[in-house]
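Here is the structure we will look at, set down as structure tokens.
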2 protein chains.
Amino acid sequence: MSADAAPHAKPDLTRNQALVFGALEGAEAPLSAYTILDQLRDDGLRAPLQIYRALDKLVAFGLVHRLESLNAFVACNHPAGEADGESHGTAAFAICENCDSVAEFTEQDVAERLRSWAKTEGFEPHSTVIELRGLCEACRAA
Amino acid sequence: MSADAAPHAKPDLTRNQALVFGALEGAEAPLSAYTILDQLRDDGLRAPLQIYRALDKLVAFGLVHRLESLNAFVACNHPAGEADGESHGTAAFAICENCDSVAEFTEQDVAERLRSWAKTEGFEPHSTVIELRGLCEACRAA
DNA sequence: ATCGCACACGTTATACCATCACGCAATAAT
DNA sequence: ATTATTGCGTGATGGTATAACGTGTGCGAT
């Protein structure tokens with residue numbers, strides 16, 4: 001019984017996962033788990049853990065990113081034109097501190113450099129966090 | 001007021017700041033604000049806010065870094081041999097998920113690349129978070 | 001001097017973020 | 001059918017961070 005509503009063919013999401021993902025897709029800014037919860041109360045979700053469980057899966061699927069410096073989440077949305085293949089290994093984020101917009105991007109050379117540092121140091125990276133905080137172009141103008 | 005950006009030119013620390021900084025200097029791993037608080041109860045500190053206020057200042061001075069992916073803090077300690085000059089603009093951290101050790105380093109090219117992305121996008125960065133999570137050499141061997 | 005200001009401090013209360021521990025239900029493999 | 005796995009729902013709890021208030025001290029300007 002799956003009525004798939006998602007535009008991109010992705011792993012089948014459970015009801016909770018779909019609700020959470022939908023909330024993030026519809027948002028213009030990152031959402032905290034509790035904000036998501038508030039938005040989904042009418043859909044029957046009542047406890048933080050329901051949200052966190054869904055988020056964990058969505059992050060594992062690569063559909064959602066966690067922004068560590070914000071304790072919040074965004075739907076994965078790399079810039080148009082980016083191929084889907086591997087891109088979700090080393091995404092970077094530029095977060096506007098004025099309007100909360102988030103730009104996701106990948107700089108292959110940055111990933112490369114960090115990998116190379118790790119190699120010479122014998123460090124085995126499992127995940128990488130790259131987040132720029134500042135002002136987006138629009139807010140800088142204002 | 002001071003526009004002093006020199007990382008290791010210790011501005012005069014207040015008593016609370018000195019206590020918090022001391023706790024971080026003495027630690028082998030990052031400490032959370034509440035862990036610091038526990039360690040400083042005997043010195044008369046009683047409330048989280050006392051810790052957070054001190055940490056805010058220490059971070060502003062460049063004496064302490066916040067690790068966003070851990071919600072914890074470390075004393076600034078770039079690898080020996082590193083010149084002091086600019087280092088606290090774009091420090092990167094490699095965090096061992098097994099032993100909690102943290103290596104601080106700077107990759108000039110990484111900073112460069114990110115600055116350059118920002119420039120072409122019109123994004124004005126105020127701060128940058130770069131954190132690698134994984135296994136340090138020692139723990140990888142074990 | 002003393003007023004005003006900036007700044008550090010101390011305390012209580014509260015908000016926000018995240019997980020544990022339990023038990024139940026549906027599904028798939030044997 | 002039994003078991004293993006996975007998702008779900010709930011209550012309780014723990015960990016992180018700030019709001020709002022008031023106090024005290026140093027110091028320059030009048």
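Just so it is clear, the structure is predicted and the values come from calculations on it, not from any experiment. Naming convention: chains lettered A, B, ... in sequence-line order (proteins, then strands); numbering from 1 in each chain.
Between F73(A) and H65(A), the gap from one ring centroid to the other reaches at least 6.0 Å.
Across the protein-nucleic acid pair, I36(B) atom CD1 and dT16(D) atom C1' stand 12 Å apart, rounded to whole Å. Rounded to whole Å, atom C1' of dC9(C) lies 12 Å from atom CZ of R15(B). Rounded to a whole Å, the CZ atom of R41(B) is 14 Å from the P atom of dG10(C). We find that CG of L19(B) is positioned 10 Å from P of dG10(C), with the value rounded to whole Å. Rounded to an integer number of Å, the gap from CG of L58(B) to C1' of dA8(C) is 13 Å. We find that CD1 of I51(A) is positioned 14 Å from C1' of dT10(D), with the value rounded to whole Å. Atom-to-atom, CG of L37(B) to C1' of dT16(D) comes out at 12 Å; the value is rounded to the nearest Å. Put simply, CG on N16(A) is 17 Å from P on dT6(D), counting in whole angstrom units.
Under a 3.5 Å cut-off, the side chain of Q50(A) and the backbone N or O of A47(A) do form a donor-acceptor pair.
The stretch residues 94-102 of chain A has no heavy atom under 4.0 angstrom from DNA chain C at all.
Checking each of V64(A), N16(A), I36(A) against F21(A) for a side chain to side chain contact (heavy atoms under 4.5 Å, CB included) leaves exactly one that passes, namely V64(A).
Taking 4.0 angstrom as the limit, Q50(B) places a side-chain polar atom (N or O) nearer than this to OP1 or OP2 of dG10(C).
Ring planes of W117(A) and F105(B): parallel class, angle under 30° (limits at 30 and 60°).
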Please encode protein proximity along nucleotides 12-22 of chain C as a string of B, S and -, counting only heavy-atom distances under 4.0 Å.
B----BBBBB-
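At a threshold of 4.0 Å, the pair E68(A)-R66(A) counts as salt-bridged, since one of the basic side-chain nitrogens sits closer than that to a carboxylate oxygen. For R140(B) and E137(B), the salt-bridge test fails: no basic side-chain N is under 4.0 Å from an acidic carboxylate O.
A distance of 13.0 Å separates OG in S101(B) from CZ in F93(B), rounded to the nearest 0.5 Å.
The side-chain heavy atoms of L114(A) and V110(B), taken from C-beta on, include a pair separated by under 4.5 Å.
E124(B) is linked by a side-chain hydrogen bond (donor to acceptor under 3.5 Å, both in side chains) to H126(B), counting only residues two or more places apart in sequence or in another chain.
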